[in-house]
Amino acid sequence: MEIPEKLLKPYSPSKTEGRIYELWEESGYFNPDNLPARHNEPFSIVLPPPNATGTLHIGGAIMTVIEDIMVRYKRMQGFKTLWLPGTDHAAIATNSKVEKIMQKEESKSRHDIGREAFVARVEKFVEENRGALKHQISRMGASLDWSREAFTFDEKRNVGVRTAFKRMYDAGLIYRGNRIVNWDPKGQTTISDDEIVYEERTARLYTFKYSKDFPIAISTTRPETKVGDTAVAVHPDDERYKQYVGKEYDLEFAGAKLHIKIVADEAVDPEFGTGALGVTPAHSQIDADIATRHKLPTIQVINEFAKMTDAAGPLIAGQKVLHAHEMVEDWLWGKGLLQPEDIKDIKQNIATAERTGGVIEPLPKLQWFVNVNKTIPERGDKTLKELMQDAVKVGGIKFLPERFENVYFNWINNLRDWCISRQIWYGHRIPVWYKGDELYVGVEAPEGGDWTQDDDTLDTWFSSGLWTFSTLGWPEETPDLKLYHPTDVLETGYDLIFFWVARMILMSQFLVGEVPFKTVYLHGLVRNDKGEKISKSLGGNVDPIEIADTWGTDALRMALIVGVGPGSDSKLSNEKLKAYKNFANKLWNMARFVMEHEASNAKFKTQNSKLIQELDEIVKDVTLDMDNYRFYLAAEKIYAFTWHEFADIYIEEAKKTGDPEKFCALHFAFCDLLKLLHPFMPFITEEIWQTMRGGKTILMIEEWPV
RNA sequence: GGGCGGUUAGCUCAGUUGGUAGAGCAUUGUCUUGACGUGACAAGGGUCAGAGGUUCGAAUCCUCUACCGCCCACCA
């Protein structure tokens, strides 16, 4: 056989990859509707939608690669394989990113340009980014069905979100309530419990009495909030304070008039500080809980701008929280209520907002919530919490690695009602309209004038939670939805268990009445040579496209996969990339050798060939690994066999003996090895296949060897 | 305060149900052999964190300890 010119030179990814991806796209086989008839049984994965804010980072690359491996494997096995792409509008992330850009470039805030102009601006930004993102995902070799591409904020998904809201509202699972929320003064919005990042800081713990006459000393790190106190709580068994429980005191503290009741509550730790807790119901979740139990009044003394309200009293009203802190401290010194020994440094976890870094200020606010503890008659009187537990306990969802199931259950046990309304502008507007005292909830705006829609938008995870079925056409009963839902595998990073995996289970269990997926494969974080976290926010950015340019996409894929089991963090090093780049070239030369020595006329008996016997073993072994999601092992095994058995032993042997039967066996085995390798190194294997077969068939849909 | 993960060759990591340790890279030596020097052959290198236990036998199971890392939690 004549050897093409290109095989005489080293393998060139840059001259190959674009052309091969086009070949695949033109074949139409990314779309399961176009697959040959043997592809019957469905297999589906939805791509975790990358944020439309930016470029593909290394975490997005590993996600893409793992899923592409699964999908290519299943497609070759004959499944009607759908891998559905999309992007996430990532409401809060995008909103704050555009705000940052505007602040930096024009020193303007979103309030300066108004809602409409701001949203238009964000949409423009998103449109520019989405195209780039698609290109980058394709560069990884992703065999995604682009004809079904979705966006969490497109019209169809919008209908899905409004429908979900309406159905949950009608079922009493969504309610509007005045409760303590996590307020981010910097981002000017509420955030959910999961969007809080705790930072350890040293804080000063002050111990003092409200006034000379008050019998009990309290401890606090935030004296300025004490103007909002309505009680002092002690442990019921605390002998020191038993005589005071039930008594009430009127006093003046830092210019504010307080009415303090002494209450006994189990939540108080008698060992901490003085064992007495000044209860500030408006600005602490635990205090709010105590206040509810003891029917205490709530006084809001801090506003949305982290300034003291008028209720804080004339001394500090209008002051910023930090300044008020100093003023109250000064007041305490001046009144002789504080001595140097009353101030201690303690370690404290301070709550900050994930996106803006702003210090969270708990505030009472009228917001929308998802009730996770309400029983649902149409779902067997279970609560959302229980439905989420059932999905894993009896619904058959398996986590990989299994240990994350405990993490999941632990999260559910601690779950409170989910605050879903946000005061940012970019996102799904809450489908609620008001007219006077009337309230209307609907998929579309109510008929007639005078209705005003709720200003708030929904938590971005509300729409992400619908992703497995909103992408398939829900709420319509589409053929796609019937065929591909529940999806087979959900593959994502373990850091998204709470944000996303749990929310998808919640939404699917209630809205569709089934689990959203059967297996959850969780990948770890990719770190650099030094073991540091590679992330956009921390700098030290590693661009997967740059790596693919330098080493070839196939080498990058192998480097990301080999030796990296689910759930474990990994390191990406140049040594590893080099090793697999070399492997690609080795494979290239094997192809040349096999083609040069093709002995198509020779007869050979496979049962007599040791190579073929060993090949059978490796096929069985690798197939078992693939079925059990051990891609890191499968890849390594094929690599080792191809190089160190097939090439080092069998090619050398054939060279020495010149036996035509041996060359024939080589040819046969090499074709199977290309198939085994294809999910991992799709570009070079397809390129070799095309060269050997003269473009007659396409490796992507060849049958997986058995 | 709970929970989880890690600790195996210089480096990065495998080791699926327990049977006297493996890979890649790195190091050293040999090979200017027409598939490939991005190669081949070969060599060196580990008391599998420590202690105890179960077992005929443990890197692998159990207990404890140490260090590193992560997650969760309403100690104000």
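Lettering of chains follows the sequences in order, A, B, ..., and the numbering in each one begins at 1.
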Quiz item: So which nucleotide from B:rA76, B:rG39, B:rC25 ends up closest to the side chain of A:Ala579?
Solution: B:rC25
Quiz prompt | A:Tyr639 side chain, from C-beta outward: closest of B:rC36, B:rG24, B:rA76 | solution = B:rG24
Practice problem: May I ask you to say what A:Asn585 touches in the nucleic acid, namely base, sugar-phosphate or nothing, with a heavy-atom cut-off under 4.0 Å? | Solution: base
Quiz item: Taking A:Glu17 for the side chain and A:Thr553 for the main chain, is one N or O donor matched with an acceptor at less than 3.5 Å?
Solution: yes
Exercise. Determine, for A:Arg355 against A:Asp184, whether the closest basic-nitrogen to carboxylate-oxygen distance falls under 4.0 angstrom.
Key: no
Self-check item: Basic-acidic side-chain contact under 4.0 Å: A:Lys655, A:Glu652
Solution: yes
Exercise. Give the rounded distance in Å between these two atoms: CZ of A:Phe498 and P of B:rC70.
Key: 15 Å
Quiz item: Whole Å only: how far is the CD atom of A:Glu402 from the P atom of B:rG3?
Solution: 19 Å
Practice problem: Go through B:rC74, B:rU38, B:rU16 for me and flag the one nearest to the A:Arg416 side chain. | Solution: B:rC74
Practice problem: Write down the distance separating the P atoms in B:rG24 and B:rG44, rounded off to the nearest Å. | Solution: 15 Å
Quiz item: Should A:Lys226 be listed as having a side-chain N or O under 4.0 Å from OP1 or OP2 of B:rA76?
Solution: no
Practice problem: State, without any angle test, whether A:Asp194 and A:Trp461 hold a side-chain donor-acceptor pair at a distance under 3.5 Å. | Solution: no
Quiz item: When you measure from every atom of RNA chain B, which of residues 645-654 of chain A have a heavy atom less than 4.0 Å away?
Solution: A:Ala647, A:Asp648, A:Ile651, A:Glu652
Quiz item: Taking atom P of B:rC71 as reference, at what distance in whole Å does atom CZ of A:Phe499 sit?
Solution: 11 Å
Self-check item: C1' atoms of B:rA9 and B:rA23, separation to the nearest Å
Solution: 11 Å
Exercise. Provide, to the nearest angstrom, the distance between the NZ atom belonging to A:Lys9 and the P atom belonging to B:rG34.
Key: 21 Å
Quiz item: What integer distance in Å separates A:Glu200:CD from B:rC72:C1'?
Solution: 15 Å
Quiz prompt | Nearest-nucleotide pick for A:Arg630, side chain only, options being B:rA35, B:rC71, B:rU16 | solution = B:rU16
Quiz item: Given the C1' atoms of B:rU8 and B:rU20, what is the spacing between them in whole Å?
Solution: 16 Å
Quiz prompt | 5' precedence on RNA chain B between A:Leu205 and A:Lys655 (nearest-nucleotide basis) | solution = A:Lys655
Exercise. With heavy atoms under 4.0 Å as the rule, sort A:Asn410 into base, sugar-phosphate or nothing.
Key: sugar-phosphate
Quiz item: Taking the side chain of A:Lys586 as its heavy atoms from C-beta onward, which of B:rC36, B:rG15, B:rC75 lies nearest to it?
Solution: B:rC36
Self-check item: Reference residue A:Tyr241; test side-chain contact (heavy atoms from CB on, under 4.5 Å); the match among A:Thr274, A:Val268, A:Val232
Solution: A:Thr274
Exercise. Enumerate the residue pairs fulfilling ring-ring contact (aromatic ring centres under 6.0 Å, His included) with a member in residues 552-580 of chain A, sequence neighbours excluded, ordered by first and then second residue.
Key: A:Tyr580-A:Tyr639
Practice problem: Consider the side chain of A:Asn589, meaning its heavy atoms from C-beta on, and name the nucleotide among B:rA14, B:rG24, B:rA35 that approaches it most closely. | Solution: B:rA35
Practice problem: Taking atom P in both B:rG19 and B:rA59, compute the distance separating them and give it to the nearest angstrom. | Solution: 10 Å
Exercise. Can you tell me the distance, in whole Å, between the CG atom of A:Asn406 and the P atom of B:rG5?
Key: 9 Å
Practice problem: In whole angstrom, give me the gap between the C1' atoms of B:rC75 and B:rC4. | Solution: 23 Å
Self-check item: Candidate pair A:Lys6 and A:Glu687, rule side chain to side chain contact (heavy atoms under 4.5 Å, CB included), full reasoning
Solution: CA-CA 11 Å; A:Lys6 65 187 173 198; A:Glu687 170 72 350; 2.9 Å; yes
Quiz item: With Watson-Crick and G-U wobble geometry limited to distances under 3.5 Å, how should the secondary structure of RNA chain B be encoded in dot-bracket form, using | for bases paired to another strand and [ ] for crossing pairs?
Solution: (((((((..((((........)))).(((((.......))))).....(((((.......))))))))))))....
Quiz item: To the side chain of A:Tyr198, which of B:rC4, B:rA76, B:rA73 is closest?
Solution: B:rA73
Quiz item: Which pair of heavy atoms, one from A:Pro566 and one from A:Tyr632, lies closest together, and at what distance?
Solution: CD-CE2, 4.0 Å
Exercise. Give one of base, sugar-phosphate or nothing for A:Trp643, where a contact means two heavy atoms less than 4.0 Å apart.
Key: sugar-phosphate
Quiz item: If you find the nucleotide of RNA chain B closest to A:Tyr580 and the one closest to A:Gly565, which residue's nucleotide is nearer the 5' end?
Solution: A:Gly565
Exercise. Measure from the side chain of A:Leu633, starting at C-beta and using heavy atoms only, and say which of B:rA35, B:rA76, B:rA14 lies closest.
Key: B:rA14
Exercise. Verify the contact: side-chain N or O of A:Asn349 to OP1 or OP2 of B:rA73, cut-off strictly under 4.0 Å; return yes or no.
Key: no
Quiz item: Can you tell me how far C1' of B:rA76 sits from CD of A:Glu361, to the nearest Å?
Solution: 15 Å
Exercise. May I ask you to say whether A:Glu575 pairs ionically with A:Lys578, meaning some side-chain N is under 4.0 Å from a carboxylate O?
Key: no
Quiz item: B:rG39, B:rA76, B:rG15: which one has an atom nearest the side-chain heavy atoms of A:Tyr632?
Solution: B:rG15
Quiz item: Distance between the P atoms of B:rU54 and B:rU63, in whole angstroms?
Solution: 15 Å
Practice problem: Classify the nucleic acid contact of A:His644 as base, sugar-phosphate or nothing, counting any heavy atom under 4.0 Å across all strands shown. | Solution: sugar-phosphate
Quiz item: Using the ring of each side chain (for Trp, its six-membered ring), is A:Trp331 parallel, tilted or perpendicular to A:Phe253, with breaks at 30° and 60°?
Solution: perpendicular
Quiz item: Between A:Phe631 and A:Tyr521, what is the ring plane arrangement, given parallel below 30°, perpendicular above 60°, and tilted in between?
Solution: tilted
Practice problem: Using the C1' atoms only, state how far B:rC31 lies from B:rG37, rounded to an integer number of Å. | Solution: 11 Å
Self-check item: base_contact_polar (B:rC25 base, A:Lys576 side chain, donor-acceptor, <3.5 Å)
Solution: no
Quiz item: Does a salt bridge link A:Arg222 with A:Glu361, judged by any charged N lying under 4.0 Å from a carboxylate O?
Solution: yes
Exercise. Pick the C1' atom in B:rC41 and in B:rU47, then give their distance to the nearest Å.
Key: 31 Å
Quiz item: Tell me: CD of A:Glu636 to P of B:rC25, nearest whole Å?
Solution: 12 Å
Quiz item: How about A:Thr280 and A:Lys226: does a side-chain donor come under 3.5 Å of a side-chain acceptor?
Solution: yes
Quiz item: Nearest to the side chain of A:Arg403 - B:rG5, B:rA14, B:rA76?
Solution: B:rG5
